[in-house]
Amino acid sequence: EVQLVESGGGLVQAGGSLRLSCAASGFTLGDYAIGWFRQAPGKEREGVSCITKSDGITYYGDSVKGRFTISSDNAKNTVYLQMNSLKPEDTAVYYCAADPNTFCTVYAEHWGQGTQVTVSS
């Protein structure tokens, strides 16, 4: 059974940093596209970052480029999202998602429960 468990969210001041973790089980990271999405109140879920299946190419949403970094630790079967220079508009519930297709989309098969990130101004 595929499971994704996020952790690391919290409250931080603008300009601060957080690192989110997504512990995966039931599959091997390289066999799935895996990434991060976020959803703020009243807004649609949006893609934040993705590691593609097999070749491990990383992608970022325009709003987080240069500030967020996605990485993976295959030994721990865990994906991380390092978030620096956080802004109030980064406030959202952040979800980890995995899909057996090549790329991450909002139609991913497997989702974590989400972790709240709140950035105060």
Side-chain angles (χ1 to χ4, degrees):
E1 179 186 6
V2 172
Q3 286 192 327
L4 302 168
V5 179
E6 303 101 332
S7 61
L11 174 65
V12 64
Q13 288 189 332
S17 298
L18 282 175
R19 189 178 79 156
L20 305 183
S21 299
C22 173
S25 59
F27 69 99
T28 301
L29 288 182
D31 292 339
Y32 279 63
I34 188 163
W36 293 92
F37 292 78
R38 67 186 182 186
Q39 189 164 21
K43 295 188 177 181
E44 293 185 353
R45 191 168 295 189
E46 66 168 337
V48 174
S49 186
C50 176
I51 299 177
T52 59
K53 174 183 175 179
S54 300
D55 52 11
I57 295 174
T58 58
Y59 291 88
Y60 297 92
D62 288 341
S63 61
V64 306
K65 282 179 182 176
R67 300 188 298 123
F68 291 10
T69 303
I70 192 170
S71 62
S72 63
D73 183 334
N74 291 342
K76 295 182 178 180
N77 225 40
T78 299
V79 174
Y80 303 98
L81 185 69
Q82 178 66 42
M83 306 186 295
N84 297 330
S85 302
L86 282 161
K87 304 175 181 180
E89 51 263 45
D90 294 318
T91 295
V93 177
Y94 283 71
Y95 298 91
C96 180
D99 195 271
N101 291 314
T102 300
F103 199 74
C104 311
T105 75
V106 294
Y107 305 106
E109 276 192 17
H110 307 284
W111 293 84
Q113 81 286 354
T115 185
Q116 175 71 46
V117 171
T118 303
V119 184
S120 63
S121 57

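Keep in mind that the numbers below use all heavy atoms, side chains included, and drop hydrogens, waters and symmetry copies.
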Quick check with a 6.0 Å cut-off and a 45 degree axis cone: is Arg45 positioned over the face of Tyr95's six-membered ring? yes

Donor-acceptor pairs are to be reported for all side-chain atoms of residues 3-30 against protein atoms at under 3.5 Å, with residues two or more places apart or in another chain.
residue: Glu6; atom: OE1; partner: Gln113; partner atom: N; Å: 2.9
residue: Glu6; atom: OE1; partner: Gln113; partner atom: NE2; Å: 3.4
residue: Glu6; atom: OE1; partner: Gly114; partner atom: N; Å: 2.9
residue: Glu6; atom: OE2; partner: Cys96; partner atom: N; Å: 2.7
residue: Glu6; atom: OE2; partner: Gly114; partner atom: N; Å: 3.2
residue: Ser17; atom: OG; partner: Asn84; partner atom: OD1; Å: 2.9

Looking at every heavy atom in both [X] and [Y], which two are closest together, and how far apart are they?
X: Gln116; Y: Ala92; result: NE2-O, 3.4 Å
X: Ile70; Y: Trp36; result: CD1-CD1, 3.8 Å
X: Lys65; Y: Tyr60; result: CE-O, 3.3 Å

Identify every side-chain donor-acceptor pair in residues 100-108 under 3.5 Å, counting partners at least two apart or on other chains, and give the distances.
residue: Asn101; atom: ND2; partner: Asp99; partner atom: OD1; Å: 2.9
residue: Thr105; atom: OG1; partner: Tyr107; partner atom: N; Å: 3.1

Using the ring centroid of each side chain, check whether Trp111 and Phe37 are separated by less than 6.0 Å.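 Yes, the ring centres sit under 6.0 Å apart.
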
Less than 4.5 Å apart, side chain to side chain, heavy atoms only: is that true for Tyr32 and Lys53?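 Tyr32 vs Lys53: side chains apart.
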
SB check Lys87 Asp90 (cutoff 4.0 Å): no

Would a hydrophobic clustering, with Ile, Leu, Val, Met, Phe, Trp and Tyr connected at side-chain separations under 4.5 Å, put Phe68 with Ile57? no

I'd like to know if Val48 and Val119 are part of one continuous hydrophobic network [Ile/Leu/Val/Met/Phe/Trp/Tyr, side-chain heavy atoms within less than 4.5 Å].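 Yes, Val119 connects to Val48 through the hydrophobic network.
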
Do Thr78 side-chain atoms and Lys76 backbone N/O form a donor-acceptor pair below 3.5 Å? yes

Output yes when a side-chain donor or acceptor of Thr69 lies under 3.5 Å from a complementary backbone atom of Gln82, and no otherwise. no

For Lys43, the side-chain hydrogen bond (donor to acceptor under 3.5 Å, both in side chains) test, sequence neighbours excluded, returns none

Is there a side chain to side chain contact (heavy atoms under 4.5 Å, CB included) between Ser63 and Arg38 once you walk through the steps? CA-CA 12 Å; Ser63 61; Arg38 67 186 182 186; 3.2 Å; yes

